[in-house]
Student: 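Once you've had a glance at the structure underneath, I'll fire off some questions.
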Amino acid sequence: MEFIGLINYWIVIVLMMTGFYIVISHDNLIKKIVGLNIFQVSVFVFYITMAKVKGGTAPILADGITTYSNPLPHVLILTAIVVGVATTALGLALVVRIRDAYGTIEDDEIEKQEGES
Amino acid sequence: MTASLFSHLPALQVVLALLAAPVCLVLRRHGAAWLIATGMTWVLLAIALTLLGRVLETGTIIYSLGGWPAPWGIEYRIDLANAFMLVIVTLIGSVVMPYARASIKAEIEEPRIYLFYCMYLLNLAGLLGIAITGDVFNLFVFLEISSLSSYVMISLGRDRKALIAAYRYLIMGTIGATFYIIGVGMMYQVTGTLNMADLATLVPDLYGNRTIMVALAFLLVGLSLKLALVPLHLWLPDAYTHAPSAVSAFLASTGTKVAVYAFARILFTIFGGSGIFDDFGLQEILVSLAIAAMIGGSAVALYQSNVKRLLAYSSIAQIGYMILGLSMASVIGMTAGLVHLFNHALMKGGLFMVMGCVFLRLGSVQIESMEGLAKRMPLTMAAFVAGGFGLIGIPLTAGFISKWYLIQGALEKGWWPVVVAILVSSLLAVIYVWRVVEAAYFKPPPKGAAEITEAPASMLVPTWVMIGLSYYFGINATLPLDIATGAAETLLGGVQ
């Protein structure tokens, strides 16, 4: 049963490794950025998961609410998402310029062109 | 009115740079943007010096953002280490700015110039934020502000290779930052706090807790990526080679340095009170990586034909010295590390600025194209020689002071092989500096070489200010040494 209870953390690990593997193994510059996104999303899930308190609700002052989940990690992750969006946007913008300059977005082909010049 | 303004200086230090950046974006005129950026960097330097003076006078300044008390709110806690970093960053920032005008005009396409000033101010805001904050998550946000803007500044280089360099730096830098927030998350999971001072009281008691140990690993690897510690340095040579010269000068002397500071903060302020240095093997790991960087970086620098690339590899070696100093975990070692951080910022900043002057007139920074250059650009090349002496560590230069302290620290620990490594790395520095000097001074200029003149005064003066300061603080080293010793004692407060 412990495995089921920790399912979120397992998802985090799987996502993290998948994303990291894509970043390292793929030559396509856009796929690398997608991998980077998956890698970051795993961290978002990690933060959200650790904030959850069993049986807790949203932290609103109201009658009958005694346990509530920790809202701080959610706020932190909101910031991290914004940072992630900015990184993705900048990364993709660079890929556009790289395609203009090299005519390709495959890392190995770019390296081949650089080797010739 | 003035009294209340003074009490808000810690916030203004960061906020002013952050506000000035969009102003440059709106103005769109590069002359006006330059004026604002230059004025702003000087104001920031004045604020940093005021803060340093107040810290020296009255001790640690604590500033709660928005009036929320720590550990709930974000706290700026300025002790000597923070103040020292603020002064380094703003000093370099304000010397590079007057230089940048002519250099950037030659190296960035006209319609994009105002973007450079905008990014420069954002980068400055990020670096100052890292140096001033006392909150680990806030540090992450500033780390990303500075990183994102540096990717943009690198990609502004004329060569298309700059785009690839910026892209690779983006991938590596983001992985580093993500590792850092994983570590922060794990610490938060166990302790429930993000405030550094609060963490410093909670974490040592939890020493041995697996989550805390894993958090430490993530934090250190993440920051090592940002500070380009061997073997995580692969992004650095390309980035510094292809970025515009003013950007290389600024980033090489501030970007990695601030990451070194953050590394020391995490390692000593937060984890300092625990036993990581006694039984973990961490000291051995860091010392061996530092030595690998010192020897490896200098050795690879020998084989470079592009001088900017040569300086970039030399930077990797110099980062090794800083990490070596920190990993001694003694006051003298840490002082050596911090003083070298300051001295190297001046020397390497100056040397990259020299390369900017050369590039402006010659259009190239390859060693072979610099043959006989000393006759045509005597002041510029003299600055290179003076800065090169600093990298080697010849007496009277600032580089000598930091190496002297580093060797003393190693001797205090009885680490003879480390002393040998420092000397070997310095000898390698003699060779790579000599290669450039030989080409510039002892070879005739290539036949049919275009007539070139000395770089403009607006670039030469800041270059010589930077090099001159590195000599001033080599001859009269008491001031930085006193501050660095104080900063080392604060950082090591948890250890002793």
Side-chain angles (χ1 to χ4, degrees), chain A residues 9 12-13 16 19-20 22-24 26 29-30 32-33 35-51 70 72-73 75-80 82-105 107 110-111 113-114 117, chain B residues 71-74 112 119 122 126 135-138 140-145 147-190 192-194 211 218 222 238 242:
Chain A
Y9 290 103
V12 168
I13 293 170
M16 195 180 282
F20 203 35
I22 296 173
V23 176
I24 294 169
H26 275 275
L29 299 185
I30 291 195
K32 266 186 200 285
I33 290 185
L36 205 59
N37 260 297
I38 296 173
F39 181 55
Q40 288 179 314
V41 164
S42 76
V43 181
F44 304 162
V45 176
F46 172 62
Y47 268 76
I48 302 293
T49 306
M50 77 188 180
N70 184 352
L72 184 68
V75 184
L76 298 180
I77 278 325
L78 216 53
T79 316
V82 174
V83 171
V85 169
T87 313
T88 311
L90 179 58
L92 290 175
L94 281 174
V95 174
V96 170
R97 299 241 347 249
I98 288 172
R99 201 188 126 81
D100 283 347
Y102 288 88
T104 176
I105 53 164
D107 211 8
I110 292 169
E111 233 150 65
Q113 287 190 26
E114 285 303 335
S117 64
Chain B
W72 297 281
I74 293 171
R112 292 216 185 99
M119 287 302 144
L122 267 186
D135 182 286
V136 281
F137 196 85
N138 199 227
F140 160 74
V141 176
F142 282 123
L143 195 66
E144 280 309 78
I145 292 178
S147 298
L148 283 166
S149 50
S150 55
Y151 309 148
V152 177
M153 287 203 288
I154 290 164
S155 75
L156 286 172
R158 273 249 165 116
D159 192 342
R160 64 178 183 174
K161 283 182 198 156
L163 296 172
I164 296 285
Y167 179 88
R168 294 208 175 123
Y169 183 16
L170 181 136
I171 297 286
M172 305 268 270
T174 309
I175 291 173
T178 311
F179 268 49
Y180 178 82
I181 43 167
I182 295 171
V184 168
M186 286 176 169
M187 279 204 299
Y188 183 72
Q189 202 173 18
V190 180
T193 180
L194 295 166
T211 313
F218 271 112
D238 274 335
H242 301 301

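Both backbone and side-chain heavy atoms feed into the values below; hydrogens, waters and symmetry mates do not. The sequence lines fix the lettering, A, B, ..., with proteins before strands; numbering per chain opens at 1.
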Student: Search all heavy atoms of B/Gln189 against all heavy atoms of A/Phe46 and return the closest pair with its distance.
Tutor: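 Heavy atoms only, the tightest pair is OE1-CZ, 3.6 Å.
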
Student: Please report the shortest heavy-atom distance between B/Thr178 and A/Gln40, naming the atom on each side.
Tutor: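 It is OG1-CG, 3.8 Å.
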
Student: Tell me every residue that passes salt bridge (Lys or Arg N to Asp or Glu O under 4.0 Å) with B/Arg112, counting only those two or more places apart in sequence or in another chain.
Tutor: B/Glu109

Student: Could you walk me through whether A/Lys32 and B/Leu170 pass the side chain to side chain contact (heavy atoms under 4.5 Å, CB included) check?
Tutor: CA-CA 11 Å; A/Lys32 266 186 200 285; B/Leu170 181 136; over 6 Å; no

Student: Measure A/Ile110 against the heavy atoms of chain B and call it side chain, backbone, both or neither at under 4.5 Å.
Tutor: side chain

Student: Is there a side-chain contact between A/Val83 and B/Phe140 in this structure, where contact means two heavy atoms from C-beta onward sitting under 4.5 Å apart?
Tutor: yes

Student: Kindly assign one of parallel, tilted or perpendicular to the pair B/Phe137 and A/Tyr47, based on the angle between their ring planes and the thresholds 30° and 60°.
Tutor: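 Geometry flag for A/Tyr47 against B/Phe137: perpendicular rings.
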
Student: Quick check for you: among B/Ile175, B/Thr174, B/Leu163, B/Val152, which has the greatest number of heavy-atom pairs under 4.5 Å with chain A?
Tutor: B/Leu163

Student: Where on A/Asp100 is there a heavy atom nearer than 4.5 Å to chain B: the side chain, the backbone, both, or neither?
Tutor: neither

Student: Show the nearest heavy-atom pair for residues A/Ala80 and B/Ile181, with the distance to one decimal.
Tutor: CB-CD1, 4.4 Å

Student: Given heavy-atom pairs under 4.5 angstrom as the criterion, report whether the side chain, backbone, both or neither of A/Phe20 touches chain B.
Tutor: side chain

Student: Quick check on B/Ile145 against chain A: is it the side chain, the backbone, both or neither that has a heavy atom closer than 4.5 Å?
Tutor: neither

Student: Supply the atom-to-atom distance B/Ile164 CD1 to A/Glu114 CD, rounded to the nearest 0.5 angstrom.
Tutor: 7.0 Å

Student: Does a side-chain heavy-atom distance below 4.5 Å link B/Val184 with A/Leu76?
Tutor: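 The answer is no, as the side chains (C-beta and beyond) never meet within the 4.5 Å cut-off.
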
Student: What's the separation between atom CZ in A/Phe39 and atom CD1 in B/Ile182, rounded to the nearest 0.5 Å?
Tutor: 4.5 Å

Student: Between A/Leu72 and B/Trp72, is any pair of side-chain heavy atoms under 4.5 Å apart?
Tutor: no

Student: Report the distance from atom CG of A/Leu90 to atom OH of B/Tyr151, rounding to the nearest 0.5 Å.
Tutor: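 Answer rounded to 0.5 Å: 8.5 Å.
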
Student: CG of A/Leu94 to OH of B/Tyr169: how many Å apart, nearest 0.5 Å?
Tutor: 13.0 Å

Student: Looking at CE of A/Met50 and CE of B/Met186, how far apart are the two atoms once the value is rounded to the nearest 0.5 Å?
Tutor: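 Those atoms lie 9.5 Å apart.
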
Student: Specify the closest pair of heavy atoms between A/Pro73 and B/Tyr188, including all atoms of both residues, with the distance to one decimal.
Tutor: CG-CE2, 3.7 Å

Student: How many angstroms lie between CE in B/Met172 and CG in A/Leu36, if you round to the nearest 0.5 Å?
Tutor: 12.0 Å

Student: Could you look at A/Thr79 and say if it's the side chain, the backbone, both or neither that has a heavy atom under 4.5 Å from chain B?
Tutor: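 Contact with chain B: side chain only.
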
